[in-house]
Amino acid sequence: MRTARRLGTLCLSALLLIWPAAWNGYPLVFSDTGTYLGQALIGYLGWDRPAFYSLFLLLTHWRLTLWLSVLAQGLITAHLLSLVLRAHGLPGNLPLLLAAAGLAVLSGLPWLAAQLMPDLFTGLLVLALWLLGFRAAVLSTGERVWVLLLASGGVAVHLSHLPLALGLGLLGSALLFAFRGRREAYLGAARMLAPPLLASLAMMAANAAGHGRLAVSPFGSVFMAARVIYDGPGMAHLRRACPEAGYRICGVLDRLGPYHNAFLWYPTSPLHNELGGPKAWAPEASAIVLGTLREAPAAMGAAALANTLRQLALVAPGDGLEPWPGVPGPEPLIARFFPQERERFLASRQQQGLLLDDVRSLAPLHRLLALAGLLGVALLVVRHRRTLGLPRFALAAFVLAAALGNAAVTGGLSGPAERYQARIAWLFVLAPALLALPALRADRHRRAAPSGSADLLYRP
């Protein structure tokens with residue numbers, strides 16, 4: 001009976017966390033959803049993103065219905081949330097239901113869990129790495145293996161997750177070394193750095209098989225070159241170096257277009273015509289990035305910092321929830337592989353142009369709570385740093401570091417967009433709720449305790 005109630009609670013929590021799909025009448029999509037569906041269904045490896053989220057979709061929809069993939073995302077999120085709550089001394093069905101209901105209303109998490117995109121796994125990765133590093137002892141052996149696999153898959157589904165995971169793993173190792181000693185730091189580092197290592201090996205193997213190049217991101221220089229060109233330093237380098245440098249892009253500098261996304265993705269852009277496409281242009285893109293770095297490292301750094309700071313403030317959900325008819329959206333693949341669902345897809349609120357207004361009506365609340373929550377986490381660290389206990393202090397540090405790291409990796413290197421920081425903004429709502437009450441209780445105990453009590457950062 002207890003197991004049945006727990007499973008029922010998990011399923012109900014999952015449904016709460018994917019409510020936008022039910023409201024929409026179909027799973028939410030983005031322009032990239034077509035690529036993520038197509039890589040596994042058609043059988044190709046794209047130049048611009050790993051294929052592992054495509055494999056996740058294939059393993060969950062079984063070519064039956066895309067509702068199964070969204071339900072799987074809801075169940076994964078609800079289960080990880082239950083482990084995090086238990087790690088904070090909040091086991092049981094009621095805390096999970098309350099947390100799921102709160103996040104369903106007060107954060108943008110449901111808009112991620114209900115969408116066929118890997119963005120959901122950014123925040124899940126942060127929590128999974130924290131569990132591995134600081135609360136592995138409260139997990140069973142099976143749960144530790146599952147969280148390790150979830151974290152590894154979370155890294156592999158998006159290139160931006162690799163530097164984020166490495167940074168969090170190193171931060172966690174430093175915290176363990178400072179407060180628990182060398183042995184705990186080594187063990188924690190092994191647990192937290194195993195996922196990015198395993199994901200890196202998987203991505204290199206996939207690229208070796210699909211592209212003949214043993215690299216994590218064989219064509220990543222294309223993104224970086226577009227960023228530095230449109231930020232200004234790259235264009236200044238090209239103006240000085242062309243035509244003597246022999247870059248093919250020299251002949252089309254005046255026709256690149258006003259936006260880096262248009263240059264990267266529009267089939268009529270010079271990248272896909274005169275330059276031969278991203279794969280062909282990647283070696284030249286690498287040379288441009290290196291040349292710009294040698295000439296103007298300060299300008300590149302300043303532009304990346306400006307983009308990072310701008311990205312930090314872009315936390316509202318809803319980016320990309322406009323209609324996506326035809327190409328580049330997923331409609332052709334839905335019509336081909338899920339023909340029974342095409343009419344429901346076309347009749348959904350998103351494809352009717354209604355969903356964007358729905359999410360925008362909630363965006364101010366979500367933005368306010370996310371920014372207030374992020375500030376609250378910082379204040380809790382300052383005010384209660386000696387009473388949080390190391391695991392909770394580490395969670396606060398992970399959330400703050402993830403906020404900055406995600407903004408730097410996405411906004412600083414790719415370009416600011418609302419959807420990037422919205423991927424983890426729900427953590428800014430969850431974290432202060434998990435930290436505040438225990439911190440306040442500990443603060444009351446500290447004031448009542450005799451002076452000279454031990455620093456609780458050393459507490460388990």
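Computed over heavy atoms, backbone and side chain alike; hydrogens, waters and symmetry mates excluded.
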Any side-chain heavy atom of Arg86 within less than 4.5 Å of one from Glu143?
yes
Under the side-chain contact (heavy atoms from CB on, under 4.5 Å) rule, what do Leu333 and Ile42 come out as? Steps first, then yes or no, please.
CA-CA 9 Å; Leu333 288 164; Ile42 298 174; 3.7 Å; yes
In terms of ring plane angle, is the pair His88 and Trp130 parallel, tilted or perpendicular, where the classes change at 30° and 60°?
parallel
Ring centres of Trp111 and Trp23 under 6.0 Å apart?
no
Side-chain touch Ser200/Leu162, heavy atoms, less than 4.5 angstrom
yes
More than 12 foreign heavy atoms under 6.0 Å from CZ of Arg182: is that the case here?
no
Which atom pair, heavy atoms only, marks the closest approach of Tyr247 to Ala241?
CE1-CB, 4.4 Å
Under 6.0 Å from the OH atom of Tyr266, do we count more than 12 heavy atoms belonging to anything else shown?
no
What pairs of residues pass the salt bridge (Lys or Arg N to Asp or Glu O under 4.0 Å) test when at least one of them lies in residues 151-165, not counting sequence neighbours?
none
What do the steps show when you test Arg310 against Asp231 for salt bridge (charged side-chain N to carboxylate O under 4.0 Å, His left out), and what is the final call?
CA-CA 13 Å; Arg310 184 182 169 205; Asp231 279 340; over 6 Å; no
His158 and Thr122: side chain donor to acceptor below 3.5 Å
no
Side-chain contact test, heavy atoms from C-beta onward, threshold under 4.5 Å: evaluate it for Val315 versus Trp426 and give yes or no.
no
Carboxylate-amine/guanidinium contact Arg248 Glu274, below 4.0 Å
no
Between Gln73 (side chain) and Ala113 (backbone), is there a donor-acceptor pair under 3.5 Å?
yes
Please check if the distance between the ring centroids of Tyr186 and Phe177 is under 6.0 Å.
no
Is a side-chain donor or acceptor of Ser152 paired with a backbone partner of Ala199 at a separation under 3.5 angstrom?
no
To the nearest 0.5 Å, how far apart are CH2 in Trp324 and CD in Gln350?
9.0 Å
State whether a side-chain donor-acceptor pair under 3.5 Å links Trp281 with Glu284.
yes
Please check this pair: side chain of Asn406 against backbone of Ala402, looking for a donor-acceptor N/O pair closer than 3.5 Å.
no
Name of the residue among Ile229, Leu275, Val252 meeting side chain to side chain contact (heavy atoms under 4.5 Å, CB included) with Phe263
Leu275
Could you tell me whether the side chains of Arg423 and Ser160 share a donor-acceptor contact shorter than 3.5 Å?
yes
Whether Thr33 side chain and Val29 backbone form a donor-acceptor pair below 3.5 Å
no
Indicate yes or no for a side-chain donor-acceptor contact from Arg227 to the backbone of Ser414 under 3.5 Å, with no hydrogens or angles considered.
yes
Can you confirm whether or not the ring centre of Phe338 sits under 6.0 Å from the ring centre of His61?
yes
With distance as the sole criterion, is a donor-acceptor pair present between the side chains of Tyr420 and Gln311 under 3.5 Å?
no
Tell me, do Phe121 and Leu124 make a side-chain contact under 4.5 Å, heavy atoms counted?
yes
Donor-acceptor check, side chain of Ser348 to backbone of Asn24, threshold 3.5 angstrom: yes or no?
no
Exam field: side chain Gln351 to backbone Leu346, donor-acceptor pair closer than 3.5 Å
no
For Pro278, all residues meeting side-chain contact (heavy atoms from CB on, under 4.5 Å), sequence neighbours excluded
Trp47, Val222, Leu271, His272
Between Glu322 (side chain) and Leu356 (backbone), is there a donor-acceptor pair under 3.5 Å?
no
Can a side-chain donor-acceptor contact be found between Thr65 and Glu341 if the only test is distance below 3.5 angstrom?
yes
With a 6.0 Å cut-off on the ring centroids, do His211 and Phe219 count as close?
yes
Take Met235 and Val228 through the side-chain contact (heavy atoms from CB on, under 4.5 Å) test and state the conclusion after the steps.
CA-CA 7 Å; Met235 180 61 77; Val228 300; over 6 Å; no
When you compare the side chain of Leu427 with that of Leu127, does any pair of heavy atoms fall below 4.5 Å?
yes
Short side-chain to backbone donor-acceptor contact, Gln352 and Arg349, under 3.5 Å:
no
Mark yes or no: Arg419 above the aromatic ring of Phe30, with NZ or CZ under 6.0 Å from the six-membered ring centre and no more than 45 degrees from the axis.
yes
Check: Arg135 side chain, Ala87 main-chain N or O, donor-acceptor pair, under 3.5 Å
yes
For Leu132 and Met192, work out which heavy atoms get closest and say how close.
C-CG, 4.5 Å
